[in-house]
Amino acid sequence: MQFVAEKEQHGLVGFSTLYFTFNTLEAKRMAFLYDLFVTPDGRGQKIGEKLLQTCISYMRENGYSHMSWETAHDNLAAQSLYDKIGAKKQFGLTMKQEEGKSYLKEKRRNFEMK
């Protein structure tokens, strides 16, 4: 599912994308925020916050157990927004396996909202 933000003079200035799956530990449906993007022209106008709140409202209104997402460890602007809304933060690592060897691909910050 996608939510979009548009402005009359600028057209599309942002979007968010939700995927849905099941939380096997709770045997309940959950949402995964796959994308949250605001164009440079739309930044600093609370568009990202409004899109994120729309996703959270949708998740809660439709009975999902929670919504989770991740961001790059150095995306401090996004992490500031997630902290602002009270998201639960966890540290994560993305591992990559190639030719039988596993290695660290990148550090990630994982977030969750109930």
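Residues take their numbers from the sequence shown, with the count starting at 1.
- Nearest heavy atom pair, residue Q2 against residue T17, reads NE2-OG1, 2.8 Å.
- Every side chain to side chain contact (heavy atoms under 4.5 Å, CB included) that L12 has, sequence neighbours left out, goes to V4, E6.
- In terms of the salt bridge (charged side-chain N to carboxylate O under 4.0 Å, His left out) criterion, D41 has no residue partners (sequence neighbours excluded).
- Taking 4.5 Å as the limit, every side-chain heavy atom of S68 sits out of range of all side-chain heavy atoms of L33.
- In this structure F32 satisfies the ring-ring contact (aromatic ring centres under 6.0 Å, His included) test with no other residue, sequence neighbours excluded.
- Legend: residues meeting salt bridge (charged side-chain N to carboxylate O under 4.0 Å, His left out) with K114, ordered by chain and number and at least two apart, are E26.
- Here F15 pairs with F37 under the ring-ring contact (aromatic ring centres under 6.0 Å, His included) rule; sequence neighbours left out.
- Each salt bridge (charged side-chain N to carboxylate O under 4.0 Å, His left out) pair with one or both residues in residues 58-69, not counting sequence neighbours, would appear here, but there are none.
- Note on residues 27-40: no pairs pass salt bridge (charged side-chain N to carboxylate O under 4.0 Å, His left out), not counting sequence neighbours.
- Listed by chain and residue number, nothing satisfies the side-chain hydrogen bond (donor to acceptor under 3.5 Å, both in side chains) test with E8 (two or more places apart in sequence, or in another chain).
- For A78, the side chain to side chain contact (heavy atoms under 4.5 Å, CB included) partners at least two apart in sequence or on another chain are T71, N75, Y82.
- Every residue two or more places apart in sequence or in another chain was checked for a side-chain hydrogen bond (donor to acceptor under 3.5 Å, both in side chains) with S65, and none qualifies.
- Checked options Y19, F3, W69; the residue passing with Y34 is Y19 (criterion: ring-ring contact (aromatic ring centres under 6.0 Å, His included)).
- Between L76 atom CG and D74 atom CG the span is 7.0 Å, to the nearest 0.5 Å.
- By the side-chain hydrogen bond (donor to acceptor under 3.5 Å, both in side chains) test, K7 is found to be paired with Q45, residues two or more places apart in sequence or in another chain being considered.
- Note that the CZ atom of F20 and the CE atom of M30 stand 10.5 Å from one another [nearest 0.5 Å].
- Nearest heavy-atom pair across L18 and M67 is CD2-SD, 3.6 Å.
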Only distances under 3.5 Å count here; give the side-chain donor-acceptor pairs of residues 48-58 to other protein atoms, sequence neighbours excluded, each with its distance to 0.1 Å.
residue, atom, partner, partner atom, Å
E49, OE1, K84, NZ, 3.0
T54, OG1, K50, O, 2.8
S57, OG, Q53, O, 3.0

